[in-house]
Amino acid sequence: MKENEYRFLMRIFVLISFLSVMIIAFPFLDTIAFACAFAYMTEPFFSALKKYTGRTLGAILCILMITVPAIILVFLILTDIFEFLNSLDYAGFVDYTVQFINYIGLQNIAKEDLSSILSEIWNFLKPTLNKMAGQIYGIPLLLIKGLVTVFLTYYFLKDGYRFKDAVMPHVPEVYHVQTELFIRKLHEAYKNLFVVNALTAFTVGLISIAGFWAIGLPNPVTLGALSGILTLLPIVGGWTIYMPLSVYYIAVGMYSKAILLFGFGVLFLSLAPDFVIRPRLVNHESSIHPAFALVAFLMGPLALGITGFALGPLIMGTFDAIFRVKNGKDSIINLK
């Protein structure tokens, strides 16, 4: 057999093998994405532990202390949120909203116009919410995927540093510099999206739950989780939770609770994330553009359901890394 024929057959074999792996892994694409996300979110703790425990024990401790509790907490919060959203009384919601608008002196807004607007928003969001809720309630498959996520997170933490060594031998030497730069930028993009934004949101969520509980708000876990999730989105943030609630408590005459909630929200949900928490996690110069974060954490879940919470940042992180990589005048995609 000639050398050219052998190379051609080997390329066919490699392509078939790659496609076979993709077919097998595709049903668990969300699992792989979440494992990658949890690995990045856990990596700062793992880096601190591995100096004293080694990679294997450090990964196990991170799984037991952080990843498993985080998965359980996320599952419980999402279940609570979707149960609440699916149980909303739309007609009652419209009536209460109209009454509140009339109460604050905006009687010129017609109920028909407001009902139409709210109806369109609800019709747009409900299919996505139902899709997410359907994924949550697939308990047996969800448990299997959760278990696989835990094991994959362990191996990503323990052996993830070998990814570069596995890729580079298959890259032509002329592209080594660009590929190494791309891998580094990809790591930075994922670190910014998952470690910075996700840990900021997680911290804000915990603070919100504690604060809302102390103030005496109903459903503090659900409200705190929403505050954390909204922190992921540029411009939006936790104020979209505490501001309407503060206005509501003023409207019903509970002024002390309104002032307390407003002060807590401004300090811990608006100022702290941008001026204390996020700056301690990343340098401003290397941060992801807000538009990328918005697409990753808002449009990802809307387009892909629950999977989008992990897959959206992975896709946008790759997109960001491709355009950040420069080597002279040539980008990572060398068209020569």
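Just so it is clear, the model here is predicted, and its values are computed rather than measured. Only heavy atoms go into these numbers, but all of them, side chains included; no hydrogens, no water, no symmetry mates.
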Supply the atom-to-atom distance [X] [atom1] to [Y] [atom2], rounded to the nearest 0.5 angstrom.
X: Lys185; Y: Ile322; atom1: NZ; atom2: CD1; value: 14.0 Å
X: Met316; Y: Thr318; atom1: CE; atom2: OG1; value: 9.5 Å
X: Ile241; Y: Leu261; atom1: CD1; atom2: CG; value: 10.0 Å
X: Glu188; Y: Lys191; atom1: CD; atom2: NZ; value: 8.0 Å
X: Thr153; Y: Met41; atom1: OG1; atom2: CE; value: 10.5 Å
X: Ser270; Y: Phe262; atom1: OG; atom2: CZ; value: 8.0 Å

Taking every non-hydrogen atom, the tightest pair across [X] and [Y]:
X: Thr53; Y: Leu57; result: O-CB, 3.6 Å
X: Cys62; Y: Leu49; result: SG-CD1, 3.8 Å
X: Phe46; Y: Ala59; result: CE1-N, 3.4 Å
X: Ala39; Y: Phe156; result: CB-CB, 3.7 Å
X: Phe264; Y: Ser208; result: CZ-CA, 4.1 Å
X: Ala37; Y: Phe194; result: CB-CE2, 3.3 Å

Can you confirm whether more than 12 heavy atoms, excluding those of Tyr161, are under 6.0 Å from its OH atom?
yes
Same cluster (ILVMFWY, side-chain, under 4.5 Å), [X] and [Y]:
X: Leu267; Y: Phe212; value: yes
X: Trp213; Y: Met254; value: no
X: Leu64; Y: Phe34; value: yes
X: Leu29; Y: Phe319; value: yes
X: Ile12; Y: Val21; value: no

So, does Arg55 use its side chain to make a donor-acceptor pair with the main chain of Asp159 at under 3.5 Å?
no
Side chain to side chain contact (heavy atoms under 4.5 Å, CB included) with Ser227: which of Ile207, Thr240, Ile209, Leu269?
Leu269
Could you go step by step and tell me if Val266 and Tyr242 meet the side-chain contact (heavy atoms from CB on, under 4.5 Å) rule?
CA-CA 9 Å; Val266 170; Tyr242 70 81; 3.8 Å; yes
Can you find a heavy atom in the side chain of Phe28 that is under 4.5 Å from one in the side chain of Leu152?
no
I want to check something: taking the side chain as every heavy atom from C-beta on, are Leu217 and Tyr249 in contact at a cut-off of under 4.5 Å?
yes
Check against side-chain contact (heavy atoms from CB on, under 4.5 Å), Leu223 and Leu245
CA-CA 10 Å; Leu223 293 174; Leu245 288 174; 4.1 Å; yes
Assign the ring pair Tyr40 / Tyr190 to parallel, tilted or perpendicular, where the plane angle (0 to 90°) is split at 30° and 60°.
perpendicular
Please test Leu311 against Asp30 for side-chain contact (heavy atoms from CB on, under 4.5 Å), starting from the C-alpha separation and ending with a verdict.
CA-CA 7 Å; Leu311 199 55; Asp30 54 347; over 6 Å; no
Test Ile183 against Met168 for side-chain contact (heavy atoms from CB on, under 4.5 Å), laying out the working first.
CA-CA 10 Å; Ile183 292 175; Met168 293 308 296; 4.3 Å; yes
